Amino acid sequence: MKISGSDLHLFRVFESVVRNGGMSAAQMELSLSQPTVSNHLTALEQRLGVKLCERGRRGFSLTDEGRRVYEICTEITGVLEAGSARLSRVRSALAGKVGVGIVDCLTTDPSFRLADAIAELSKAAPEIELDLKIMCPNDITKAVAENEIDIGIGGSDIKVASVQYQIIYQEEHAVFCGSAHPLFCRNDEMITSVECYGHPWVERGYWYGIRRHRFDTAANRVAFDIEAQLLMVLSGAYLGVLPIHFARVFEQQGRLRRLPIADEAYSADIEVATRTGEQAANVAYVRDAIIRAHRMHL
């Protein structure tokens, strides 16, 4: 069969449905209604003359033919995206998609100036398309190294030789407890580090080295993003080390208290990470815009 423009549209719908594990999630990505997505799948099945998937109350699953067609679809869409990127570079070096992975819960930090960089890019290089993703710190490092994203913003205890890092500012952290915790109403002078370490803590699962060495009892818990960790601390059942800027609004509401435990307070280096070597022009421009925005507010 000869592939037409309408076929490509059907392929993209099918690829999205498979990648998202069903029509419900895919319809959000595609901005299409569920009946429209279902009609597109039916149209593709009729066009190819094979049944691609089972869908109904039992859930979504691919047939053998569907798996083969999905492999072909991903190959076609990959070629098209690569071709689009090459055409963009022909038209302008400052164009095309730049993937940026960002550690969670930086938006409330007044020292985080990514919004300023985005404002600059929208004026100076409007054909650059930023693809922003919120990711765990160690996932950011891995994604940059494996060329899944172009730029990472955050801090990770794991460093990779194929990735270069530049510190743009430091994020201050301290120990907090929730309003229902026994230490919440205690006077500062009556709170000791020893007593604090006797209470359960919630740590971040991607911590390594010195930030993890005290978290070794069965009562402690692990969270893999800061917002989940915050919820555990707000419960009053756990102590936790949180970014001061992120905890501030909950302090003002009387739901969190910063504890006078200097042992656990620390500054996290927030870095811009890119692959070593020469960068594509659009990636280098975005990286430099991010660095400039933070240098202006040092």
Side-chain angles (χ1 to χ4, degrees), residues 101-112 134-142 152-160 165-271 273 294 298:
I102 309 166
V103 72
D104 64 321
C105 297
L106 286 183
T107 306
T108 54
D109 194 338
S111 298
F112 184 49
I134 304 301
M135 305 173 67
C136 289
N138 296 342
D139 291 342
I140 290 175
T141 297
K142 181 175 181 289
I153 303 176
S156 173
D157 291 340
I158 297 176
K159 295 294 187 280
V160 177
Y165 306 87
Q166 182 162 349
I167 298 172
I168 51 177
Y169 77 96
Q170 291 186 317
E171 182 187 44
E172 302 298 326
H173 290 65
V175 181
F176 291 87
C177 70
S179 58
H181 196 277
L183 296 177
F184 187 82
C185 295
R186 188 85 61 83
N187 292 333
D188 282 2
E189 59 270 16
M190 298 179 64
I191 298 175
T192 65
S193 298
V194 173
E195 181 182 10
C196 287
Y197 294 135
H199 288 280
W201 289 60
V202 55
E203 66 159 322
R204 277 172 248 165
Y206 49 78
W207 275 345
Y208 290 85
I210 191 170
R211 290 206 295 275
R212 193 168 186 167
H213 74 280
R214 295 189 179 94
F215 301 101
D216 55 2
T217 68
N220 294 327
R221 296 293 180 264
V222 172
F224 284 88
D225 59 65
I226 297 174
E227 191 163 2
Q229 184 190 22
L230 169 67
L231 288 170
M232 299 285 281
V233 175
L234 285 171
S235 74
Y238 303 93
L239 302 181
V241 178
L242 298 169
I244 292 172
H245 66 85
F246 185 57
R248 184 171 293 119
V249 65
F250 299 94
E251 284 187 280
Q252 294 169 347
Q253 294 171 357
R255 300 175 66 192
L256 282 183
R257 177 191 173 182
R258 180 176 175 178
L259 297 177
I261 307 301
D263 296 351
E264 296 294 342
Y266 75 97
S267 297
D269 292 335
I270 302 300
E271 305 163 319
H294 287 85
L298 290 177

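The structure presented is a predicted model; accordingly, all values stated were derived computationally and were not measured. Both backbone and side-chain heavy atoms feed into the values below; hydrogens, waters and symmetry mates do not.
Taken from CZ in Arg221 to CD in Gln229, the straight-line distance is 14.0 Å, to the nearest 0.5 Å. Between the OG1 atom in Thr192 and the CD1 atom in Ile261 there is a gap of 7.0 Å [rounded to 0.5 Å]. Atom-to-atom distance recorded for Ile168:CD1 and Glu271:CD is 9.0 Å, nearest 0.5 angstrom.
A search for salt bridge (Lys or Arg N to Asp or Glu O under 4.0 Å) contacts involving Arg257 returns Asp188, not counting sequence neighbours.
The aromatic rings of Phe112 and His294 sit tilted, their planes meeting at an angle between 30° and 60°.
Shown here for Asp104 and Asp225, the closest heavy-atom pair between the two residues is OD2-CB, 3.3 Å. Of all the heavy atoms in His181 and Ala237, the pair that sits closest is CD2-C, 4.4 Å. The minimum heavy-atom distance linking Val222 with Gly205 is given by the pair CG1-CA, 3.4 Å. When all heavy atoms of Ala268 and His173 are compared, the closest pair comes out as CB-CE1, 3.7 Å. The nearest pair of heavy atoms linking Ile226 to Cys105 is CB-SG, 3.9 Å. Taking both residues in full, the closest heavy atoms of Ala180 and Ser235 are given as CB-O, 4.1 Å, listed atom of the first, atom of the second, then distance.
No side-chain heavy atom of Phe176 sits less than 4.5 Å from a side-chain heavy atom of Leu230. Side-chain contact check for Leu234 versus Leu256: some heavy-atom pair is nearer than 4.5 Å. Using a 4.5 Å heavy-atom threshold, the side chains of Glu264 and Tyr197 count as touching.
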Extract all donor-acceptor atom pairs below 3.5 Å that involve side chains of residues 238-251 and protein atoms in other chains or at least two apart in sequence.
from	atom 1	to	atom 2	distance (Å)
His245	ND1	Thr108	OG1	2.7
His245	ND1	Asp109	N	3.2
His245	NE2	Glu171	OE2	2.7

